[in-house]
Number of protein chains: 2
Amino acid sequence: MLSDIEPVNRESTASIIARQLRDAIMTGALPPGTQLGEAELAARFEVSRGPLREAMQRLVSEGLLRSERHRGLFVIDLEPGDVYDIYASRAAIERAAAIRIMRGDTESAVAELSEALDEMIEAAADPDPNALPEADLRFHEALVRASGSRRLVRMARTLLIETRMCLAALQRTDQPGEDRVTEHTAIIEAMTAGDEQRVLELLDAHMEDAITRLAPGSSLHSGPPPSVPADGVDIAG
Amino acid sequence: MLSDIEPVNRESTASIIARQLRDAIMTGALPPGTQLGEAELAARFEVSRGPLREAMQRLVSEGLLRSERHRGLFVIDLEPGDVYDIYASRAAIERAAAIRIMRGDTESAVAELSEALDEMIEAAADPDPNALPEADLRFHEALVRASGSRRLVRMARTLLIETRMCLAALQRTDQPGEDRVTEHTAIIEAMTAGDEQRVLELLDAHMEDAITRLAPGSSLHSGPPPSVPADGVDIAG
DNA sequence: TACGTGAGGATTGTTGACAATCCTAGTAGA
DNA sequence: TCTACTAGGATTGTCAACAATCCTCACGTA
């Protein structure tokens, strides 16, 4: 096939390192607050400090790393208000994605999402407690990707990583797996039916569910929690 | 005041360079498609290539620069579909910001926005044709910042830069300045009245206005334009 | 004329070393 | 006992040189 042609430009080293670091942060292998020593990491990746620093600067601009000059780089630590912020932002992005799906090529989107749903069903039977949450996030990733919006995809990537950080930090893998599958199934059904309003409602309820479970007392509908630090200045740039 | 204490950590060099590059891309000093030669830029900024590369990697992960291995870094060029993508994404982010404002501290948000509006009114009288569009974007920046969401702010930053790129590329500074001020005034009034639904409607109409002006034929309501390249693989990472 | 081939030049990718800065621990003095 | 100060060690920030890769263009051949 013509589409099988490999790009002659392989991935850059900084790209590879950045992705691996993202994974490590995401899974909790690098817990929030961890300091990333350049020398140590460079040795682990078997590269020099140059490319490593480039990779880390990427994560800084994505908001996954926090830079303190002459101190080092640290994995961001999630404060209570961040759970709300993450889910509210995700709700906004995924809502927009859903709208674009409903007003665009709904059919192929449903096909891709059904595939993701199948993986969830498989994961629900997996003894590994992380299997289902991971499949869950892959579903939402597929949702955004199906929108065809490069920018929504880019923005969602960081948010999904942060979501995974929350789950890892809070160790909340409990909750009936069937419910989760059901909620996602309902979304796909509403899409197939072409009922945009219902898709949005279901998606919103889905997010509301998640946040009340992770941060009891917060709600997407009743506004942000008491004190969310605005943090206007951004030293790291 | 205690809040006036300055952080002892000054900005990092990579931060400064990244910001300057963003400005240059935004204003059109570095037009879309431009190749950024490392040696040349390093000489201009009077730094070595190390910090410069770090800064550029940041812009890559923000989506403002495109990296081709062993070829160089290029300013992204906006294709027709990008105008829609940018404005649709902005609509999603700003809608979310507005909702959080309406359900949070509406009063102080209105105060900040009124300030931004005053600047717009001043700019409308400015002979410089760029003054008003710039003030316009600052208003929207203030809107997102007033939401208090760190993540919405981060995502909006890149989108506003891309918006400015569109304006610079299309050279569309024409349009009655009074209309613009009026639209923004209406949004603030609806906020003061506490009418969330109306705020969202006005914001949506505002975005719809902009996109039909910049990309005739596109509409936020009728779904994405025919072919938006999904661009699933991301070589640059 | 059209096509494959191979220097030549220029650009990016990577490395290791050097300079600047900061935290910590230990010490002297009140 | 507590505070101020000073090395010491470790870490980050910066730089210039080297290696690898790619594009261009001239050259020779069918």
Atom-to-atom span, CZ of B/F45 to C1' of D/dC15 - whole angstrom: 18 Å
For atom CG of B/L41 and atom C1' of C/dT12, their distance in whole Å: 13 Å
Value rounded to 0.5 Å, distance of CD1 in B/I25 from CD in B/Q20: 12.0 Å
Rounded distance (nearest 0.5 Å) linking atom OG1 of A/T212 with atom OH of A/Y87: 10.0 Å
Whole angstrom value for the distance that separates P of C/dT11 from CG of B/L52: 14 Å
Residue from B/R157, B/R154, B/R19 passing salt bridge (charged side-chain N to carboxylate O under 4.0 Å, His left out) with B/E62: B/R157
I'd like a table of atom pairs between the protein and nucleotides 13-17 of chain C - only N or O on both sides, under 3.5 Å - with the distance next to each one.
from, atom 1, to, atom 2, distance (Å)
C/dG13, OP2, B/R53, NH1, 2.8
C/dG13, OP2, B/R53, NH2, 3.3
C/dG13, N7, B/R49, NH2, 2.9
C/dG13, O6, B/R49, NH1, 3.3
C/dT14, OP1, A/T13, OG1, 2.2
C/dT15, OP2, A/S48, N, 2.7

CD (A/E115) with more than 12 external heavy atoms under 6.0 Å: no
Separation between CD of B/E141 and CG of B/L159, rounded to the nearest 0.5 Å: 12.0 Å
